[in-house]
K.L.:
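First the structure, which I've put down as structure tokens, then a few questions once you've had a look.
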Number of protein chains: 2
Amino acid sequence: MPITPLAEIKENFIQGLSQISQYWGFPKSMGAIFAVLYISPSALSLDEIVVHTGFTKGAISTGVRSLARMGLIHRQSKLGDRKDYYIAESDFYKAIRTILKGRENSEFDRALSSVRDTLGELESGTSTSGKAEEWNFVHERVGEMQSFFDGLDNLVRVVAALDTMNQNTVQKVVGLLKK
Amino acid sequence: MPITPLAEIKENFIQGLSQISQYWGFPKSMGAIFAVLYISPSALSLDEIVVHTGFTKGAISTGVRSLARMGLIHRQSKLGDRKDYYIAESDFYKAIRTILKGRENSEFDRALSSVRDTLGELESGTSTSGKAEEWNFVHERVGEMQSFFDGLDNLVRVVAALDTMNQNTVQKVVGLLKK
DNA sequence: TAGTTTGTTTAGTAAATACTAAATAAACTA
DNA sequence: TAGTTTATTTAGTATTTACTAAACAAACTA
């Protein structure tokens, strides 16, 4: 049986991560950029990424900015070289923490706090007319949702604060949950 | 200070969940449908949801199907009534489990297995020409990514299999992680 | 200074998406 | 049977999105 050439294997890998990226609602280009950097032994310049992915310079420029903001790749400067070079973050748990920390996204936070505001309004007053029953029901429901969000937020904050989140940590969590 | 009327509070809540829905890449209509059902003391028919959300019947029809598939709402039949009625799932942890269980999405799974395939190809052969070094590097990297995915998958499977995931469970996990 | 090399921004485009309006289907009722 | 009531599907549309091509900007170099 013939051995698949490395070039073809790499291409498949890049396409695979592109699809995964797309599945999670990110541009395919971002998956491709990360894939190229992840399997490159050396840091790559913007133009090199262009060659390897087939996207244009503009697309790569915005793509690397997004990836860097998520902590999935890092920008490097070489002395005496005007180009920027990029490498992939290979510690995925570290990247996850970075993403979780940066969730004060304003967009998302504003949406979340609207639920909190709703709860506040429900708590500040009581129904004037005869709709006390419905008021209480809505109050209870929104309160439960807020508790859920608080719980999640708590979990996320703890995870984000961890300085060592590795395979071992995950295993411990799995072990605990199995009980 | 004047008390905000319940109708207005409800409207704000619906808009809030719509934004959150949109933030996570789902249609705004889905957030609105869930919000309406979540704060409704009784099950609602398709037409009632239409009235409360302002979307058309077609949009609601597809929206409720998506939400039901995720386990976020449930369809109910009343005897002697041809209409379908819908209620919100108020146990969010339960909903999370349903979503996690349904992740054999074919779409996502196919993307993930493409990474596994890449690893398989790298393991089956070795480089013919003098590119052994690069081959090994790529092999190592892809292997690490696969390990990460396996770890996550393991965690997800355990969580999905839990029959009791509640606030308490989350608290225990938080406690463990803090150590 | 003018000319290169690099990265970013902008204007325009093609494709995907979420929606509406309306046709259709399916189940019941007179 | 024809007529209602309900839900789904389809055809078309407006908006958003990810991209390309090209203009621009900034930093160096001869």
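Since this is a predicted model, take the numbers as computed values, not measurements. Atoms considered below: every heavy atom in the structure, side chains included; atoms not considered: hydrogens, waters and symmetry mates.
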K.L.:
Do other residues, nucleotides or ligands put more than 12 heavy atoms under 6.0 Å from A:E144 CD?
P.N.:
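Enclosed: over 12 neighbouring heavy atoms sit under 6.0 Å from CD of A:E144.
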K.L.:
Please find the earliest and latest nucleotides of DNA chain C, in the 5' to 3' direction, that have an atom within less than 4.0 Å of any heavy atom of chain A.
P.N.:
C:dT5 to C:dT9
K.L.:
Grab the CD1-P distance between A:I60 and D:dC19 for me, whole Å please.
P.N.:
9 Å
K.L.:
Return the polar atom pairs (N/O with N/O) between nucleotides 5-8 of chain D and the protein under 3.5 Å, or none.
P.N.:
unit_1, atom_1, unit_2, atom_2, d
D:dT5, O2, B:R82, NH1, 3.0
D:dT5, O2, B:R82, NH2, 2.8
D:dT6, OP1, B:K83, NZ, 3.2
D:dA7, OP1, B:D84, N, 2.9
D:dA7, N7, B:K57, NZ, 3.4
D:dT8, OP1, B:R75, NH2, 3.0
D:dT8, OP2, B:S61, OG, 2.7

K.L.:
Determine whether B:L67 and B:I87 fall in the same hydrophobic cluster, where Ile, Leu, Val, Met, Phe, Trp and Tyr are linked whenever their side-chain heavy atoms lie under 4.5 Å apart.
P.N.:
no
K.L.:
Rounded at 0.5 Å granularity, tell me how far NZ in A:K28 sits from CZ in A:F55.
P.N.:
7.0 Å
K.L.:
Between the main-chain N or O of B:I14 and the side-chain N or O of B:S18, is there a donor-acceptor pair closer than 3.5 Å?
P.N.:
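Here the side-chain-to-backbone pair exists.
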K.L.:
Is there a side-chain contact between B:I73 and B:E89 (heavy atoms, below 4.5 Å)?
P.N.:
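No. Closest side-chain heavy atoms not under 4.5 Å.
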K.L.:
Name the one of A:D84, A:V51, A:I49 that satisfies side-chain contact (heavy atoms from CB on, under 4.5 Å) with A:L44?
P.N.:
A:I49
K.L.:
Angle between ring planes, A:Y38 versus A:F92, binned at 30° and 60°: parallel, tilted or perpendicular?
P.N.:
tilted
K.L.:
Could you state the CZ-P distance from A:F26 to D:dC19, rounded to the nearest angstrom?
P.N.:
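In whole Å, D:dC19 P lies 13 Å from A:F26 CZ.
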K.L.:
Got a salt bridge between B:R116 and B:E121, using NZ or NE/NH1/NH2 to carboxylate O under 4.0 Å?
P.N.:
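No.
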